[in-house]
Amino acid sequence: MKSPISIGLRCVLLAASVGAALAPAAARAADAPKRGGTLVIAVNADPRSLEPGINRDSNSDIVVNHLFEGLVGYRTDLSVGPALANSWSISPDGLSYTFKLREGVSFHNGEKLSSAAVKWSWERKMSQANWLCARFFNGQAGLKVEAVETPDPSTVVFRLAKPSGLFLTQLANVQCGVLVASPASAGADGSWTPIGTGPFKMGTWKRGDALSLSRYEGYVPSREPASGYSGARIAYVDAVRFQVIPDADAAAAAVKTGAVDIVPDLDSSKMAELKAAGVKVMTAPGLTWSALLIQTDDPLLKNQSLRQAIAHGIDLAQLTAVRSNGLAKPNPSGVAESMRAFSPEFLEWPKYDPAAAAALIRKAGYKGEVIKLQTNKRTVGMYDSAVMIQAMLSAVGLNVQLEVLDWSAQLDNYVNGRFQLSSFAFSPRFDPSLMYAAFVADKATAKWAQWGSQSARELLEESSSITDQDARAAIFRRMHAQMRVEVPIIGLFYAPTVEAVGRSVRGYQPWASGRPLAWAAWKE
């Protein structure tokens, strides 16, 4: 994101070129951040929860990251930078990470941040059975945190069982929500009141309508420049309102009239219409992976030949072109093109070939049984992908029927493995190991897992334990080559980040996470 200073400098140079002697100062004033006002961000539903990482979805992630901070966070360039930790050091043996906390930080209730609160937040997470990311830290996926120590109020030490190339990456993992909360957040009756250290504090929540946050005047920023979820989160607006607008057309209409300031996750089909209306449409490379989930434990779909037929029956190029409005290319792998590990091998996949699909269908002994494809209309893209996939698979002889559910029901079915096919999207992961970990696991114990192969699980664990990036990339190539044969899931494409931004908003930029940053913006 360009700083307000650099924006002002461009304006000065432009004014000088036309000989306007007084314009530079005016330009600087116009582009300087202004305090005040309410920034309205459209969301398609209420957040499922306001406890970081627990019963979450992408709307939960958006809100909690305005309320809470972690020790570290992702920068916009996908590297890991400081947040509540000013700095950290790693022991020579790679087994200890020592974090020094930012000075002067307090929670929204006035309580001073301390290492004890960091430890409390960590232990609460690890004790909750519904925290799906526990497997990333308990040894199940290779990395194991053996202890968290607090030698003094400003120091936190994490001790690992063995060195890991992914510890900091997992701490910053957006979906895991390893954020620091005040112990006062947890009520004795099991209730949760979000009390964090972020630039905004909890306001009001009228479910089904809007959730509002107000600027926390006691916020003490990091010394590091703002970048994604790292660095200084200096809020300029007085409040942020997350306005629930389930219908994508209604959200687009609202940003045109000025009723809404930002529409994240804009469907690319709306771009031309909004640009014509004078709305700013901003794009960035994205990391949200659209995919077709396949339940390999299903009596029909456990047949590998039938899964290969499905792969040959889907024209990824056509589907991607339509769904992304030409902004993306097909990518069937867990490695996005913006990731360091990417190479052309990750784009290799069974080619679109209806004749090959028909032959494999016959080989599988398929007799026209119904195959249900689950989707929802809350997320327009998932529904549109499902409609196209149904048409393509019907054309090669598969009896695919859409099963349109509420999003919450589809998500619950995903978590519990209750589907045959499901049109889905994985929210952004910033490292290939994290993306593969989103669908590779032991299916006997992880019902959400798509790929339970023992060899795939071993490769994933190896990729998470080593630090050599070239060696990690080689592991991911082996995983993708195996995935092309077994077809436990069909990746479609990484959706670009497309956002509509109202005329009065300044200083705002989208980034690969697809999650809006309200503290980066101000209003005219």
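Along the sequence shown, residues carry numbers from 1.
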For Ser58 and Asp61, test the side chains for any donor-to-acceptor distance below 3.5 angstrom and give the result as yes or no. no

Test ring-ring contact (aromatic ring centres under 6.0 Å, His included) applied to Tyr436 - qualifying residues, sequence neighbours left out: Phe439, Phe476

Asp265: which residues meet the side-chain contact (heavy atoms from CB on, under 4.5 Å) condition with it, sequence neighbours left out? none

Hey, could you give me each pair passing side chain to side chain donor-acceptor pair (under 3.5 Å) that has a residue in residues 77-89? Not counting sequence neighbours. Arg75-Ser79, Asp77-Ser79

Partners of Phe158 by ring-ring contact (aromatic ring centres under 6.0 Å, His included), sequence neighbours excluded? Phe99, Trp122, Phe167

Output a table of donor-acceptor pairs, distance under 3.5 Å, between side-chain atoms of residues 421-433 and any protein atom two or more places apart or on a different chain; print 'none' if there are none.
{"residue": "Ser422", "atom": "OG", "partner": "Gln410", "partner atom": "NE2", "Å": "3.0"}
{"residue": "Ser423", "atom": "OG", "partner": "Met382", "partner atom": "O", "Å": "2.7"}
{"residue": "Ser427", "atom": "OG", "partner": "Arg56", "partner atom": "NH2", "Å": "3.4"}
{"residue": "Ser427", "atom": "OG", "partner": "Gln175", "partner atom": "NE2", "Å": "2.9"}
{"residue": "Ser427", "atom": "OG", "partner": "Arg429", "partner atom": "NH1", "Å": "3.3"}
{"residue": "Arg429", "atom": "NH1", "partner": "Ser427", "partner atom": "O", "Å": "2.9"}
{"residue": "Asp431", "atom": "OD1", "partner": "Ser433", "partner atom": "N", "Å": "2.8"}
{"residue": "Asp431", "atom": "OD1", "partner": "Arg472", "partner atom": "NH2", "Å": "2.7"}
{"residue": "Asp431", "atom": "OD2", "partner": "Arg472", "partner atom": "NH1", "Å": "3.2"}
{"residue": "Asp431", "atom": "OD2", "partner": "Arg472", "partner atom": "NH2", "Å": "3.4"}
{"residue": "Ser433", "atom": "OG", "partner": "Ser463", "partner atom": "OG", "Å": "2.8"}
{"residue": "Ser433", "atom": "OG", "partner": "Arg472", "partner atom": "NH2", "Å": "2.8"}

Partner residues of Trp519 under the side-chain hydrogen bond (donor to acceptor under 3.5 Å, both in side chains) criterion, sequence neighbours left out: none

Could you check whether any side-chain N or O of Lys125 sits under 3.5 Å from a backbone N or O of Cys133, counting only pairs where one atom can act as donor and the other as acceptor? no

State plainly whether the residues Lys447 and Asp297 are in salt-bridge range, i.e. N to O under 4.0 Å. no

Using atom types as modelled, flag every donor-acceptor pair under 3.5 Å from a side chain in residues 331-342 to any protein atom, sequence neighbours excluded.
{"residue": "Asn331", "atom": "OD1", "partner": "Ser333", "partner atom": "N", "Å": "2.9"}
{"residue": "Asn331", "atom": "OD1", "partner": "Ser333", "partner atom": "OG", "Å": "2.9"}
{"residue": "Asn331", "atom": "ND2", "partner": "Val335", "partner atom": "O", "Å": "3.0"}
{"residue": "Ser333", "atom": "OG", "partner": "Val335", "partner atom": "N", "Å": "3.1"}
{"residue": "Ser333", "atom": "OG", "partner": "Val335", "partner atom": "O", "Å": "3.2"}

Does any pair with a residue in residues 213-225 pass salt bridge (charged side-chain N to carboxylate O under 4.0 Å, His left out), and if so which ones, sequence neighbours excluded? Arg35-Glu217, Arg215-Glu217, Arg215-Asp238

Quick one, Ser96 with Arg159, criterion side-chain hydrogen bond (donor to acceptor under 3.5 Å, both in side chains). Give me CA distance, side-chain angles, the key distance, then yes/no. CA-CA 5 Å; Ser96 296; Arg159 300 201 183 277; 2.6 Å; yes

Considering only distance and modelled atom types, tabulate donor-acceptor pairs under 3.5 Å from the side chains of residues 195-209, sequence neighbours left out.
{"residue": "Thr197", "atom": "OG1", "partner": "Glu69", "partner atom": "OE1", "Å": "2.7"}
{"residue": "Trp205", "atom": "NE1", "partner": "Asp46", "partner atom": "OD1", "Å": "3.0"}
{"residue": "Asp209", "atom": "OD1", "partner": "Gln243", "partner atom": "NE2", "Å": "3.0"}

Just jot down the side-chain contact (heavy atoms from CB on, under 4.5 Å) partners of Ala161, sequence neighbours excluded, or say none. Lys144, Glu146

Pro183: side-chain contact (heavy atoms from CB on, under 4.5 Å) partners, not counting sequence neighbours: Glu111, Ala117, Trp120

Val118 versus Leu84: any side-chain heavy-atom pair under 4.5 Å? no

Taking CZ in Arg478 as the centre, count heavy atoms belonging to other residues, nucleotides or ligands within less than 6.0 Å. Is the count above 12? no

Sequence-distant partners of Ala45, side-chain contact (heavy atoms from CB on, under 4.5 Å), two or more places apart: Asn59, Arg378

